[in-house]
Amino acid sequence: MNLGFALGHLMAQAANTASWWKPIQASAHASSVDSLFNFIMYLCFFFFVLIIGAMIYFVVKYRRKEGVPIKTSPIKGNHTLEIVWSVIPGILLVIMFAWGFKDWLAIAVVPANAMEVRVTGQKWNWTFTYPKEGIVSPDLVVPAGQTIKLVMTSKDVLHSFYIPDFRIKRDVVPGRYSVLWFDPAEEATHQIFCTEYCGTSHSNMLSKVKVLSSEKYEQWIANGGEEEGGAGGKPIPLAEKGKKLYESRGCVACHSVDGTAKVGPSWKGAYGTAHKFADGSSLASTDENYIRESILVPGAKVVAGYPNVMPSYQGQLNDKQIESIIEYIKSLK
Amino acid sequence: MDSNRNSAPKSAHAASAGGVEPNYLNAHKGIWSWMTTVDHKRLGIMYLVGILTFFAAGGIFALLVRTQLLGKIFGGPGKQDWLFSGDTYNKLFTLHGAVMVFLVIIPSIPASLGNFFLPLMLGAKDVAFPKLNLMSFYVYVLGGCFLLFSILTGAVDTGWTFYTPYSSTTSTSVVSAVMGVFILGFSSILTGVNFIVTIHKMRAPGLTWTRLPLFVWAQYATSLIQVLATPVLAITLMLLAIERTMGVGIFDPKLGGDPVLFQHFFWFYSHPAVYIMILPGFGVISEIITVNSRKQIFGYKAIAMSSVAIAVIGFLVWGHHMFTSGQSELASAVFSFLTFAVAVPTAIKVFSWVATMYGGSIRLNSAMCYALAFLFLFTIGGLTGLFLGSLSVDIHLHDTYFVVAHFHYVMMGGTMTAFVGALHHWWPKMTGRMLSEFWGKVGCFFVFVGFNITFLSQFLLGTKGMPRRYANYLPEFQTLHQISTVGSYLLGLGFLITLIYMIQSLINGEKASKNPWEAMSLEWQTDSPPIEHNFHVQPVVKHGPYEFPEIDHSLARGGH
Amino acid sequence: MFEKLRNIVLKSGSTAQAGHHGSEPHVLPLKTYFAVFGALLLLTILTVVVSVIGLPQPTAIIVAMVVAAIKATLVVLWFMHLKYDDRFYSLIFIISILFLALFFIFTSLDVFTRGQVNPEESSFSQDGLLLRQEFMKK
Amino acid sequence: MGEQQSSQAAAAGQHHPKYLAHHFESMEQQNASGKLGMWLFLGQEVLFFSGLFLAYTLARIFYPETFLAAHELLDWKLGALNTIFLLTSSLTMALAVRGAQINSKPTMFWNILATLLLGGAFMVVKYIEYSHKFHDGLLPGHFFDAAKAMHNGHPANIPGAPAIFFAIYFTMTGTHGLHVLIGMLLMLWLLVRINRGDFNSENHVFLENVGLYWHIVDLIWIFLFPLLYLVR
């Protein structure tokens, strides 16, 4: 009957593969968290079997039988037993606290030689800015073997930056910085979640940590944070890059490409057509300046009938990226 | 939905044996007599009907949430969800949370069974302030209407925790929901005041503090928390409402406030609130296990004192909800240590209950089945709290499905199982009818199995890193979610069976005697259902509540 | 100490018959009321004078709070009759003050020690203030 | 209470004074229960206001210079006048309770009336302060407009966001004012019951409870006054 031991056996070979019930251990910290997790889990199985086993044993042994005169024991308490079962759990609890506190301090104090990356969470996407290189990217691309320090803040509501593979999580509070660090060991891609409820597309606020070898990382930095060309290494057409930005930068959450109006107007056939604005003025045909202005200062000319809720992408998209988005919109006839 | 409200059992139901005096149900006739009653028993029944109705509503929201989480393969950002859009799903889980917490589980045992049985157990004619009791009921109804009004005008999508700055910037009707909870808080405070004064001032002659049934001790500790914690929730929600309407800048960072401050204000109430929920459940379990094992409780003083200890230490640990929320390292360490301290009295209680069964003569009626289910489920719930209490593991598990499974094991597996068990234990006394033992056990089986399937799978989802409150999810979580949803249907079925045979027992259930379980505490010494002012003659207490005749004191000298 | 506390709780729970110290309430002479009132007025004038002088920052708050606390105790002991009443009522009042202090202490435990490990996180550091000001302008 | 019960109790030959509720054994138990219930309610009130005081403390720590500059705009003389009104009303309320203890209806009546009038005076002074602020545009939260404030001669260079100070000021004094209003309504109801002769030395727990409530409201103002008006 005991689920615990089956699980324990499965647990044993959980080294670096994602077992069916635990993410992989991508860093030293992850394995130390797992070892405390296992310690508490074995302890809980032991006490669970002790308590529930005793309960079942008593129910079976002292089950009332028909016709047998009932004689029950007059025991009302037993001071030694009561002291024993307060002190022993007390000691075990202190051990759990101390071990948890030790590991937790390790994750709180950032090592010295960490490479700093700034993270901005906003309603429903993450953006990562590399201060030295001035690159802004939707994914966290890092070289293997280099400790990374994340300095995070939010633009609107509470979010929470969570990488299960590294077992780290920190709330991203608007108006304040919060700090997190991890040391990626070898090349891999890890999933990033938002775990603090933040509204409509809280479940779509996902991103990736791409751990590259140092050469590939240098290459990535060299061409300004864009994945170099498709398979054949030839440059990707601008509209194609625009489509990737459309999906990764959160435009998809409010603008559709098939004509249906969502939170914002649809991009299908938008280029070159007339638009009436909320403040009564209108524009004969949508041109590149209007699109660029709406990306950088969305509140300037809002299309009539739509809420003025679009966040500004000032400083998050460089000119080449805005160029490719405009190309993409043009291609949507 | 429930028949108690309108069909007070047929007048043909003659006053039970015991005397010509009519019982509390048919002493007065007509809806008006029910609406203006100050009799604690009738108020208990009215609360019970309200709580069960809202429990059904909350349950339906839960089933809708679980059905959404069957989920279509999640195809990437912006993919349309298969059943509900993101917004509707957010409103559903918020309503499930708010209705279950504020309207069902906080008043569940104290307001319905506490109101009904506290005066009976103390040998008193009524609670200390009967009119205040009636007012608390109407405050509860008014609070419920405010919440329903907020549902009709577009519902709330902030989660039952109303975290700012989302709750102060979202466009849904947060203010009316917050006002509803503000009003419900006063019903909780006034009930707490009422019970503390009743326990202090209206005990029967001879009923000293060490002869009180443990349900009364648990109710005393709960009322202590209700009185001291709920006002802070009232002020927090009032500040939130003012912030939304007038832009007061205490919590919203745009206006210069600090959202982590809101979390401190909120959890200062909400963690003691989870002890308001579980402590009455402890009281009920102590009653059921002793009566059905025919044995003294093991370590009466330890259990009574641990209830009060939990109530007090419960106020020191709220920071463990905020380990990852930007709280300072020193505060997190202090809160983590105190969280482990509060685990000790809870452990003492569980060990003492199991020890009570040693050397007993255990009768497995449906109430005892629910009590054993409680022990199983609450032990898992309590033990998984240790994972969330230790700092480094909580960083991984916070706000994932591990937390969802943990608090459902403690609240649903703990308090609601104890509540349904208590209903089975005291049903004969409340309604004068017996419940069918067979169907009771069938219902308990489905609830137990359905519950475990639903929430054991969620522990595994949590360790895999599946975050909370997600409308759709990555493909690797799909199978576990589908298992969990199937489990939730079984759980719903279990409660449906329970509801059906409870209604059936009201209609033509077999008559109940004065003391079907041969218990020794005072509520079993009056008729069932009891007369309007409880006791024909004022009872005098000479011995403790668990001195069963079957206890063989000769064994003590001989010892075995 | 614990023994004394236990007696206060047990004695207060006088069951129905134990009619203790008769039902004739304890009546204070008029003089006491006016004396307490006089003291309260004096203390109010004291706080106003102290604030007008303008003490340096930390002591001003402490003095104001101490004087307010003295005035509060005067009102609670005499006007609210707590001095002559059942000790259990003062126990309730003290418990509620304790829980108030608890709320203050644990919340400030967090607010004041933010950013000790990572300075960026402190709400009072230079860039913390800058970020908050800039965030509020938007 | 149901007539049916008290007649039964009377039938049981028990001496049953007019004010004793059916479910209590003795007047002494009824009074003690009433007072215990009131003290528990006051404990809850203290914790209710604890939230406001903590919000004040932390807002002040986050924005010390705003608080120092902004509360120059409050008129401390009016605040002191209000304090004196409330302290005197506390005295008259205590004398009213004493009047009930010595069974003298006129003392009770006139003292409660005096307390009521003093409470009214407090609210009038509050009204003057609020209208002065409304006129000057020093309003809570996003209603605060610096232009109007500057126009009315208030220094515009209040560092940080003065709206926060006035938000806290209005929240605290508003909630306190609401409690004063509730107290005044209770006292009106008291005057009616005193006239009906409900209170004597044996049964005046309702009057005592309203007194306790009023003293707690005064207690909170004793702390509010220095925090908001005085502290330099």
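Just so you know, these numbers come straight off a predicted model, no measurement behind them. So that the names make sense, note that chain A is the first sequence line, chain B the second, and so on, each numbered from 1.
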Original post:
Between D:Ile102, D:Ile61, D:Thr83, which residue shows the highest count of heavy-atom pairs closer than 4.5 Å to chain C?
Top reply: D:Ile61
**OP:** Report yes if the side chains of C:Phe104 and D:Thr57 come closer than 4.5 Å at any heavy-atom pair, otherwise no.
**Re:** yes
**OP:** Heavy-atom distances under 4.5 Å only: say whether D:Phe225 touches chain C with side chain, backbone, both or neither.
**Re:** side chain
Subject >> Flag side-chain contact, heavy atom, 4.5 Å: D:Leu91 against C:Phe34 >> reply: yes
**OP:** Side-chain contact test, heavy atoms from C-beta onward, threshold under 4.5 Å: evaluate it for D:Ile216 versus C:Met80 and give yes or no.
**Re:** yes
Original post:
Taking the side chain as C-beta and beyond, is there a heavy-atom pair between C:Trp78 and D:His215 under 4.5 Å?
Top reply: no
Original post:
CE of C:Met65 to CZ of D:Phe223: how many Å apart, nearest 0.5 Å?
Top reply: 6.5 Å
Original post:
Is any side-chain heavy atom of C:Leu30 closer than 4.5 Å to a side-chain heavy atom of D:Leu95?
Top reply: yes
Original post:
Going through the distances and angles, do D:Phe53 and C:Leu100 end up as a side-chain contact (heavy atoms from CB on, under 4.5 Å)?
Top reply: CA-CA 10 Å; D:Phe53 283 112; C:Leu100 179 137; 5.6 Å; no
Subject >> Winner by heavy-atom pair count (cut-off under 4.5 Å) against chain C, out of D:Leu54, D:Asn31, D:Val46 >> reply: D:Leu54
Original post:
If you take all heavy atoms of D:Leu230 and C:Ser51, which pair is closest and at what distance?
Top reply: CD2-OG, 3.4 Å
**OP:** First locate atom CG of D:Asp218, then atom CG of C:Leu40, and finally report the distance between them rounded to the nearest 0.5 Å.
**Re:** 7.5 Å
**OP:** Can you see which heavy atom on C:Ile92 is nearest to which on D:Trp39, and at what distance?
**Re:** CG2-O, 3.8 Å
Original post:
Given the rule in the side-chain contact (heavy atoms from CB on, under 4.5 Å) test, do C:Phe93 and D:Leu42 qualify, once you have shown the distances and angles that lead to the verdict?
Top reply: CA-CA 8 Å; C:Phe93 189 70; D:Leu42 296 186; 5.6 Å; no
**OP:** Name the member of C:Val76, C:Thr47, C:Asp85, C:Val36 that forms the most heavy-atom pairs with chain D at distances under 4.5 Å.
**Re:** C:Asp85
Original post:
Heavy-atom distance under 4.5 Å to chain D: side chain of C:Val111, backbone, both or neither?
Top reply: side chain
Original post:
Say you draw a straight line from CZ of C:Phe37 to CD1 of D:Ile84; how long is it, rounded to the nearest 0.5 Å?
Top reply: 8.0 Å
**OP:** Give the member of D:Ser90, D:Pro226, D:Ala80 that has the highest number of heavy-atom pairs under 4.5 Å with chain C.
**Re:** D:Ser90
Original post:
Is any side-chain heavy atom of D:Leu212 less than 4.5 Å from a side-chain heavy atom of C:His81?
Top reply: no
Subject >> Reported OG1-to-OH distance for the pair D:Thr92 and C:Tyr33, which is rounded to 0.5 angstrom >> reply: 12.0 Å
**OP:** May I have the step-by-step check of salt bridge (charged side-chain N to carboxylate O under 4.0 Å, His left out) for C:Asp86 and D:Lys35, ending in yes or no?
**Re:** CA-CA 10 Å; C:Asp86 185 340; D:Lys35 199 180 259 191; over 6 Å; no
Original post:
Tell me, side chain or backbone of C:Thr107 under 4.5 Å from chain D's heavy atoms, or both, or neither?
Top reply: side chain
Original post:
Does C:Thr32 reach the side chain of D:Arg98, with side-chain heavy atoms less than 4.5 Å apart?
Top reply: no
Subject >> OG on C:Ser108 to CG on D:Leu58, rounded to 0.5 Å >> reply: 7.0 Å
**OP:** Quick one: closest heavy-atom pair of D:Ala94 and C:Phe79, and the distance?
**Re:** CB-CD2, 3.8 Å
Original post:
Checking heavy atoms, do the side chain of D:Ile222, its backbone, both or neither come under 4.5 Å from chain C?
Top reply: both
Original post:
Heavy-atom distance under 4.5 Å between the side chains of C:Val48 and D:Tyr229, does that happen here?
Top reply: no
